[in-house]
Number of protein chains: 2
Amino acid sequence: MKHAHRSGCPINLTLEALGDRWSLIVIRDLMFGNRRRFRELLTRSEERIASNILADRLARLEKAGLISRRDDPGHKQKIIYSLTEASIALVPLLAHMGGWGLRHTPASKELSVRAKILEDGGPPLWSEFMEELRHLHLGAPAPAESVFARLQSAYEAALAEPATASPNG
Amino acid sequence: MKHAHRSGCPINLTLEALGDRWSLIVIRDLMFGNRRRFRELLTRSEERIASNILADRLARLEKAGLISRRDDPGHKQKIIYSLTEASIALVPLLAHMGGWGLRHTPASKELSVRAKILEDGGPPLWSEFMEELRHLHLGAPAPAESVFARLQSAYEAALAEPATASPNG
DNA sequence: CTCCATGCTTGCAATTTGCAACCGGTTGAG
DNA sequence: CTCAACCGGTTGCAAATTGCAAGCATGGAG
C-alpha cells in the first residue's frame with residue numbers, strides 16, 4: 001500500500017476515490033450510456049479513453065466497491081460491469097455536476113438535454129432513476145416507468161433538431 | 001493551447017475543470033475553512049498541498065473564473081483569494097460530495113459534522129450559505145444569520161467531545 | 001480451420017505530481 | 001536603522017501517472 005489517506009474529511013476522501021479525469025466518465029457511461037462491457041466503454045464514448053487507463057480505472061473502481069465485474073453467462077470471454085449501491089448513490093452528485101456544467105462551461109446543446117432533465121426532475125426523478133439502475137445493475141425488481149428511456153429519447157430528439165449546430169462532436 | 005475539450009458533455013467539462021485531486025480541496029478551504037491567502041491554504045489544511053501545486057491550481061482556477069485574486073489593501077505583499085459566483089454555485093455539489101463521502105468512505109467523525117449539517121439542511125440551507133459566501137467573497141450585503149459560524153462551532157463542539165477518537169488527524 | 005471480437009497487457013514517450021530548497025520584496029519588532 | 005520573520009510564490013529534480021500504439025491469448029462464428 002502506497003500511502004494512507006490525506007485526511008478524514010469526507011470531501012477529501014470522495015476526491016481520493018473519484019477525483020481524476022476518468023473515473024466519473026466511466027461511471028457516467030455505465031450509468032447513463034448503458035455501456036456495460038470493456039469494448040463499449042472504450043470505443044463508444046466521445047472522450048476516447050485509452051485502453052490501459054480504462055483497465056486501470058475499472059480495477060480501481062472495483063477495488064473501491066464502486067463497480068462489480070461478472071462473467072457473461074454463455075460468453076466465456078465477455079465480462080459485464082455493473083454499478084453498485086455506492087455508485088448508484090452518485091446519481092445526485094452527477095446530476096449536480098451536469099447542472100453546474102451546463103451553466104458554467106461551454107457544454108453542447110445536445111448533450112445538455114439529459115443533464116437538464118435530470119436537474120429539473122430533482123430528487124424525485126433521481127430516486128426513480130436510481131430505482132431503475134438497481135433493477136438494471138443489481139437485479140432488483142423492475143420499476144414502473146423508465147427514466148433511462150426518457151433521457152435517451154430526449155437526447156435523440158435534440159440530435160434530430162435541424163437548426164442547432166453541435167459545438168462538440 | 002494544448003488541446004480542445006474532450007467532448008461537449010457537461011459532466012465531462014465539469015471534470016475537465018475540477019477533476020483532479022486538489023482543485024476542489026482549494027475551493028473547499030476557501031469556502032468552508034475561511035482560508036483566503038496562499039500561506040493559509042498551504043499550511044492550514046490537513047492534506048498538505050505542495051506550494052508549487054497550490055500555485056498552479058490557484059492560477060488555473062483563476063483562469064477558469066472559479067476564483068479571483070486581489071491585493072490586500074494596506075499590505076502590499078499579501079493577496080486575497082475569493083470565490084466567484086461560479087464557485088459559490090458549487091455549494092450543492094460539495095454538499096453532495098460530503099454526504100456521499102460520509103456514507104461511503106471512512107470519514108472521521110469530527111470532520112463529518114459539517115458535512116452532515118450541510119446535507120441535512122438541504123437546498124434551503126445551501127442557499128442561505130451561498131448568500132453568506134456572496135457577502136464574504138463578493139462584497140454583497142450581509143445576510144441575517146451565519147451558517148458559516150454554525151458549521152464552525154459544530155465542528156469545534158465535535159472536537160471537544162471526550163469519548164470519540166479521531167480516525168484521521 | 002480461418003477470422004474476427006473479446007478483455008485486456010506491454011513498451012515507451014510525454015506530462016504531471018510531490019518534495020525540498022530557495023528567492024526577492026515587505027513588514028513589524030526592537 | 002537593522003534584521004529576522006513572513007509574503008506569495010519559483011526552481012530543480014525524481015517519481016508517478018497519462019497517453020498512444022501495438023500486441024496478445026482466448027473464444028466463438030462461419
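Quick caveat, the model's predicted, so the values are computed rather than measured. Letters A, B, ... mirror the listed sequences (proteins, then strands); counts begin at 1.
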> Using the six-membered ring wherever Trp is involved, compare the ring planes of F129(A) and F148(A) and label them parallel, tilted or perpendicular (cut-offs 30° and 60°).
parallel
> Please determine whether a side-chain nitrogen or oxygen atom of W22(A) lies at a distance below 4.0 Å from atom OP1 or OP2 of dG19(D).
yes
> Whole angstrom is fine here: how far is it from CZ in R6(A) over to C1' in dT17(C)?
12 Å
> Classify the nucleic acid contact of R37(A) as base, sugar-phosphate or nothing, counting any heavy atom under 4.0 Å across all strands shown.
sugar-phosphate
> Around atom CZ of R134(A), are there more than 12 heavy atoms from other residues, nucleotides or ligands closer than 6.0 Å?
yes
> Using modelled atom types and a 3.5 Å cut-off, is there a donor and acceptor pairing between side-chain atoms of R35(B) and backbone atoms of R44(B)?
yes
> Do E62(A) and S68(A) meet the criterion of a side-chain donor-acceptor pair at a distance under 3.5 Å?
no
> Atom CD1 of I53(A) and atom P of dT10(C): how far apart are they, to the nearest Å?
16 Å
> If I take atom OH in residue Y81(A) and atom P in nucleotide dG7(C), what distance separates them, rounded to the nearest angstrom?
8 Å
> Between P on dT11(D) and CG on L54(B), what's the gap in Å once rounded to a whole number?
16 Å
> Which whole-number value in Å describes the distance from I67(A) CD1 to dG7(C) C1'?
13 Å
> As a quick check of understanding, evaluate side-chain contact (heavy atoms from CB on, under 4.5 Å) for H137(B) and R36(B), giving each step before the final call.
CA-CA 9 Å; H137(B) 290 255; R36(B) 306 288 296 271; 3.4 Å; yes
> What does the B/S/- profile of nucleotides 19-30 of chain C look like, 5' to 3', with a 4.0 Å heavy-atom cutoff to protein?
B-B--BBBS---
> Give a yes or no on whether a salt bridge exists between E16(A) and R6(A), defined as a side-chain N under 4.0 angstrom from a carboxylate O.
yes
> Send over the distance from D56(B) CG to dT16(C) P, rounded to a whole Å.
9 Å
> D20(A) side chain to W22(A) main-chain N or O, any donor-acceptor pair under 3.5 Å?
yes
> Write down the distance between CG (L41(A)) and P (dT6(C)), rounded to a whole number of angstrom.
12 Å
> Measuring from the side chain of I79(A) (C-beta onward, heavy atoms only), which nucleotide among dG19(D), dG18(C), dG7(C) has the closest atom?
dG7(C)
> Send over the distance from I80(A) CD1 to dT6(C) P, rounded to a whole Å.
13 Å
